[in-house]
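Every heavy atom of this structure was used, including side-chain atoms; hydrogens, water molecules and symmetry mates were not. In this chain, numbering begins with 1 at the start of the sequence shown.
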Amino acid sequence: MKKIKSRQPLAAVHVVEKEWLNPYNPIVVNLIGAGGTGSQVLTALGRMNHALTELNHPGLFVRLFDDDKVERANLGRQLFATAELKQYKAVALINRVNLFFGTNWKAVTARYDKASLKEQPELAQAGLTISCVDTVKARLEIADILKGLSKHYGNVRNKPVYYMDFGNSRFTGQVILSTIGKVAQPQMKKYDTVDALPMVTDEFRELLLASESSDRTPSCSLAEALTKQDLFINSALANTGASLLWQLFREGMLFNRGFFVNLKEFRMQPLKVTKPLAVIMPMKPNRAKKTAA
């Protein structure tokens, strides 16, 4: 009896926005948060920009949003020096990166929220938004803003396309890449293309709300800060998340859309690109029509 070969399902893949692979202008990036993770991500973006331009890519243009100033408790765990105390974090970091890499990136000493963007709506125009914030409330507002922008800007230049969120507790963390709306995908025989990556605030909303600590008071010293976050959790997330972005630019396709890290146990779990589950609507009962007697 002849065996029937079962067809293996195709691997799911997300193909990057086609205009990003060979753009005419730098990709605009809004980086929100200049703390432990954001300061490390900014440095990684500087290195990435330099590498991209060496490969004849126009590179990146970054805006860094943060309204906090450098405090003594930030020294050591975050990338600040004593000479930068009382300066705006965004200004100190952007000045340093611009001097080192010869870029012309911008610091925005304001929160990324609806009130700020109402006054300067042009600041919202960025192909990639990266959040390195420490509250669920901030994440929810950022996601809400981006969803609204997707409908508003349509196909204009610097329209919002991707959103990458960094989050961590003391020893664990995650980086998750989402699409803002759908990204047109090519037809492929070898892979099953996925046009939308779910927003972190939709997919993991309940977990985010449950994980947030009720104590949000700032640390008064590095020693106190280290009881809340391990010394290297931020840099571990920043470098691995930057590697995911680098893959996005260099390979043009993603099989993983993020990862979870446990630094205490030295474990990393990738988050695969998957096709959304089809929603099967229940069938309505077929009611027979009443006939007149």
Side-chain angles (χ1 to χ4, degrees), residues 12-33 38 41-42 44-45 48-49 52-53 55 57-65 105-106 108 112 114 117 120-133 139-166 175-188 191 193-203 241-259 271-276:
V13 67
H14 174 75
V15 179
V16 177
E17 169 75 35
K18 63 180 182 179
E19 295 178 5
W20 282 38
L21 300 179
N22 192 25
Y24 295 105
N25 299 289
I27 303 294
V28 178
V29 180
N30 277 346
L31 175 57
I32 306 166
V41 171
L42 182 69
L45 291 174
M48 193 181 305
N49 173 70
L52 287 171
T53 55
L55 295 169
H57 186 284
L60 311 173
F61 172 79
V62 178
R63 299 189 198 99
L64 178 60
F65 291 77
W105 294 355
K106 302 298 181 184
V108 182
Y112 183 96
K114 293 178 181 178
L117 296 179
Q120 294 180 284
E122 68 278 3
L123 294 179
Q125 296 183 36
L128 171 64
T129 299
I130 303 175
S131 61
C132 303
V133 295
R139 281 189 178 89
L140 294 174
E141 184 166 12
I142 291 167
D144 191 43
I145 290 170
L146 294 175
K147 289 176 182 178
L149 292 174
S150 176
K151 299 173 184 177
H152 179 72
Y153 282 111
N155 293 318
V156 301
R157 182 170 167 254
N158 294 328
K159 67 174 182 178
V161 181
Y162 293 104
Y163 170 43
M164 176 175 270
D165 177 67
F166 288 75
V175 177
I176 297 174
L177 181 71
S178 311
T179 56
I180 305 166
K182 294 183 178 182
V183 175
Q185 300 287 291
Q187 292 293 326
M188 303 178 78
Y191 301 111
T193 54
V194 178
D195 60 2
L197 307 178
M199 193 75 77
V200 59
T201 51
D202 295 334
E203 188 176 20
S243 182
L244 179 63
L245 276 181
W246 180 244
Q247 188 177 95
L248 180 149
F249 283 111
R250 294 296 297 141
E251 298 183 13
M253 58 196 316
L254 298 174
F255 295 94
N256 299 295
R257 57 187 176 94
F259 55 87
L271 185 61
K272 296 290 185 183
V273 172
T274 55
K275 295 286 284 188

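Every side chain to side chain donor-acceptor pair (under 3.5 Å) that N30 has, sequence neighbours left out, goes to R63. With sequence neighbours excluded, no residue forms a salt bridge (charged side-chain N to carboxylate O under 4.0 Å, His left out) with K106. Looking at residues two or more places apart in sequence or on another chain, you find a side-chain contact (heavy atoms from CB on, under 4.5 Å) between A242 and A44, M48. Listed by chain and residue number, R157 satisfy the side-chain contact (heavy atoms from CB on, under 4.5 Å) test with N25 (two or more places apart in sequence, or in another chain). For F249, the ring-ring contact (aromatic ring centres under 6.0 Å, His included) test picks out W20, H57, with sequence neighbours left out. Residues passing the side-chain contact (heavy atoms from CB on, under 4.5 Å) test with K114, sequence neighbours excluded: E141, D144, I145. Residues satisfying the salt bridge (charged side-chain N to carboxylate O under 4.0 Å, His left out) criterion with D195, sequence neighbours excluded, are absent altogether. Remark: Y112 pairs with F65 by the ring-ring contact (aromatic ring centres under 6.0 Å, His included) rule, at least two apart or across chains. By the side chain to side chain donor-acceptor pair (under 3.5 Å) test, K18 is found to be paired with no residue, residues two or more places apart in sequence or in another chain being considered. Shown here are the salt bridge (charged side-chain N to carboxylate O under 4.0 Å, His left out) partners of E251, two or more places apart in sequence or in another chain: there are none. In this structure, Y163 has no ring-ring contact (aromatic ring centres under 6.0 Å, His included) partners at least two apart in sequence or on a different chain. Checked against side-chain contact (heavy atoms from CB on, under 4.5 Å), D202 has the following partners two or more places apart in sequence or in another chain: K147, M199.
Side chain of H14 to backbone of L254: no donor-acceptor contact under 3.5 angstrom is found. Using a distance-only test at 3.5 Å, with no hydrogens or angles considered, no donor-acceptor pair links the side chain of E17 to the main chain of V183.
Taking every heavy atom of both residues into account, S131 and I142 meet most closely at CB-CD1, 3.8 Å. In terms of heavy atoms, M164 sits closest to L244 at CE-CD2, 3.7 Å.
The structure places CG of L149 at 7.5 Å from OG1 of T129, a figure rounded to the nearest 0.5 Å. Note: I130 CD1 to L42 CG = 9.5 Å, rounded to the nearest 0.5 Å. Atom CG of residue L60 and atom CG of residue L128 lie 8.0 Å apart, to the nearest 0.5 angstrom. Note that OG1 of T179 and OH of Y162 are 7.5 Å apart. Values are rounded to the nearest 0.5 Å. The CG atom of L52 sits 7.5 Å away from atom CZ of R250, with the distance rounded to the nearest 0.5 Å. Separation of atoms CZ (R139) and OG1 (T201) is listed at 10.0 Å; rounding is to 0.5 Å.
A side-chain contact (heavy atoms from CB on, under 4.5 Å) with V194 is found for exactly one of K182, R257, K275, namely K275. When the options V175, D165, L31 are evaluated for a side-chain contact (heavy atoms from CB on, under 4.5 Å) with C132, the one that passes is L31.
The shortest distance between side-chain heavy atoms of L177 and L248 falls below 4.5 Å.
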**Asked** Between E19 and K159, does a side chain to side chain contact (heavy atoms under 4.5 Å, CB included) hold up when you go through it step by step?
**Response** CA-CA 11 Å; E19 295 178 5; K159 67 174 182 178; 5.5 Å; no

